[in-house]
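So the structure is just underneath, and the comments pick up after that.
Worth knowing before you read on, the calculation uses all heavy atoms, side chains too, and leaves out hydrogens, waters and symmetry mates.
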Amino acid sequence: MDILWLCVFAVLLVGYFALEGPGIGTGMLLPVLGRTRRDRDEIVAAMAPFVLAGEVWLVAVAGVLFGAFPAAEGEVLFGLYPLVVSLLVSWIVRDAGLWFRRRVDGSAWREGWNVAVCAGSWGLALSWGMALVAMARGLEAPVIGLPGLAGALPMAALFAFHGWTFLSWRLSGRMTGARRGGWALVASGAAAAAPAAVLLAAFTPWLLDRTASAGALGVLSVIILPFAPVMLGAQVWTWRTFGPERAADRVPSFF
């Protein structure tokens, strides 16, 4: 049972980086690729439905960590507390930008929230990079510093490349100047998720030593696992519905 939940946790964590990575990377590139107001509106409309779908994976990661590996959850949250706060703040700022940028009709209002989308996306990328570095170093304090930043910049570059590939696929190269197919997007997603996958493999014995009791895992299996097909089905629906060159009326107008 502990191996099962380790596999579930691994799939969710890797899935988050691969499926939420395009939203983070696209937000980072918003001022670079969005040269006009119309371009920026189109980029946000392209990324927004996938952002909401990708965030479900992070919620599931946190839930499985709390339920299946409670001892590890406490150590990770305590050891990474400044970065956890940074992740949450960045998440809120980025999502606020997505939700509020079109609530008022005005250039200053919209551009201000565009800045929030970009800043929040950069905060997420750098915070995740520093978190992975801190985990690799055994949660040695301080978790925020030059070593962490040195590791965070390559992670941010992977997210940015994933976002660029996503926009090339989603908008057929109109913003990026290069057409990329689905396999290129899969490859960039694998690259963005690779650091988390490698770190998780290295921490497998550590996680297994902190697994919840067999009884708790059994109850967790009954409660959560039946919903896994629903979650996967929702992801498939999102990527099929909002694929490349879908009709504009399929994208929610409030983005």
Side-chain angles (χ1 to χ4, degrees), residues 9-30 47-48 50-70 72-100 113-163 166 189 191-200 203 206-207:
F9 181 73
V11 169
L12 291 173
L13 184 63
V14 171
Y16 168 77
F17 278 87
L19 297 176
E20 173 67 347
I24 296 174
T26 301
M28 295 167 64
L29 297 175
L30 182 60
M47 67 180 278
F50 298 89
V51 167
L52 299 179
E55 289 173 342
V56 174
W57 291 76
L58 182 58
V59 174
V61 166
V64 170
L65 184 63
F66 177 80
F69 307 99
E73 181 259 348
E75 292 182 40
V76 169
L77 292 186
F78 179 78
L80 298 178
Y81 183 76
L83 293 176
V84 172
V85 173
S86 177
L87 283 169
L88 291 175
V89 171
S90 299
W91 186 3
I92 293 170
V93 169
R94 194 272 304 269
D95 281 22
L98 292 176
W99 283 104
F100 290 120
W113 287 114
N114 285 338
V115 171
V117 171
C118 181
S121 299
W122 272 97
L124 285 169
L126 294 175
S127 297
W128 275 119
M130 285 188 282
L132 294 178
V133 170
M135 289 291 295
R137 298 176 65 203
L139 299 178
E140 295 180 0
V143 295
I144 297 179
L146 289 180
L149 185 59
L153 291 176
M155 191 70 230
L158 288 174
F159 277 129
F161 177 67
H162 196 17
F166 168 79
V198 171
L199 185 64
L200 183 60
F203 270 75
W206 182 82
L207 275 174

Query raised in the report: Using 30° and 60° as the class limits, which term best fits the ring planes of Trp113 and Phe100: parallel, tilted or perpendicular?
Result: tilted
Query raised in the report: Would you call the rings of Tyr16 and Trp128 parallel, tilted or perpendicular if under 30° counts as parallel and over 60° as perpendicular?
Result: tilted
Indicate the atoms forming the closest heavy-atom contact of [X] with [Y], along with that distance.
X      : Y      : answer
Pro195 : Leu132 : CB-CD1, 4.0 Å
Phe159 : Ala125 : CD1-CB, 3.7 Å
Val14  : Ala197 : CG2-CB, 3.9 Å
Ala116 : Gly97  : CB-CA, 4.3 Å
Ala160 : Leu29  : O-CD1, 3.4 Å
Trp122 : Ala156 : CZ3-CB, 4.1 Å

Query - Between Trp91 and Asp95, a side-chain donor and acceptor under 3.5 Å - result: yes
Query raised in the report: CG/Asn114 to CG/Leu98 distance, rounded to the nearest 0.5 angstrom?
Result: 9.5 Å
Query raised in the report: Nearest 0.5 Å, what's the CG-CZ distance between Leu19 and Phe166?
Result: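 If we round to the nearest 0.5 Å, Leu19:CG and Phe166:CZ are 10.5 Å apart.
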Are any of the side-chain heavy atoms of [X] and [Y] separated by less than 4.5 Å?
X      : Y      : answer
Leu80  : Met135 : yes
Leu200 : Leu207 : yes
Leu153 : Leu126 : yes

Query - Ala191 backbone acceptor or donor facing His162 side chain under 3.5 Å - result: no
Query raised in the report: With distance as the sole test, does Ser86 use its side chain to make a donor-acceptor pair with the main-chain N or O of Pro82 at under 3.5 Å?
Result: no
Query raised in the report: Do other residues, nucleotides or ligands put more than 12 heavy atoms under 6.0 Å from Phe66 CZ?
Result: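 Result for CZ/Phe66: open.
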Requested in this report: Evaluate the criterion side chain to side chain contact (heavy atoms under 4.5 Å, CB included) for residue pair Met47 and Leu30; output intermediate values, then yes/no.
Outcome: CA-CA 10 Å; Met47 67 180 278; Leu30 182 60; 5.9 Å; no
Requested in this report: Given side chain to side chain contact (heavy atoms under 4.5 Å, CB included), test Trp99 with Leu52 step by step and report yes or no.
Outcome: CA-CA 11 Å; Trp99 283 104; Leu52 299 179; 4.1 Å; yes
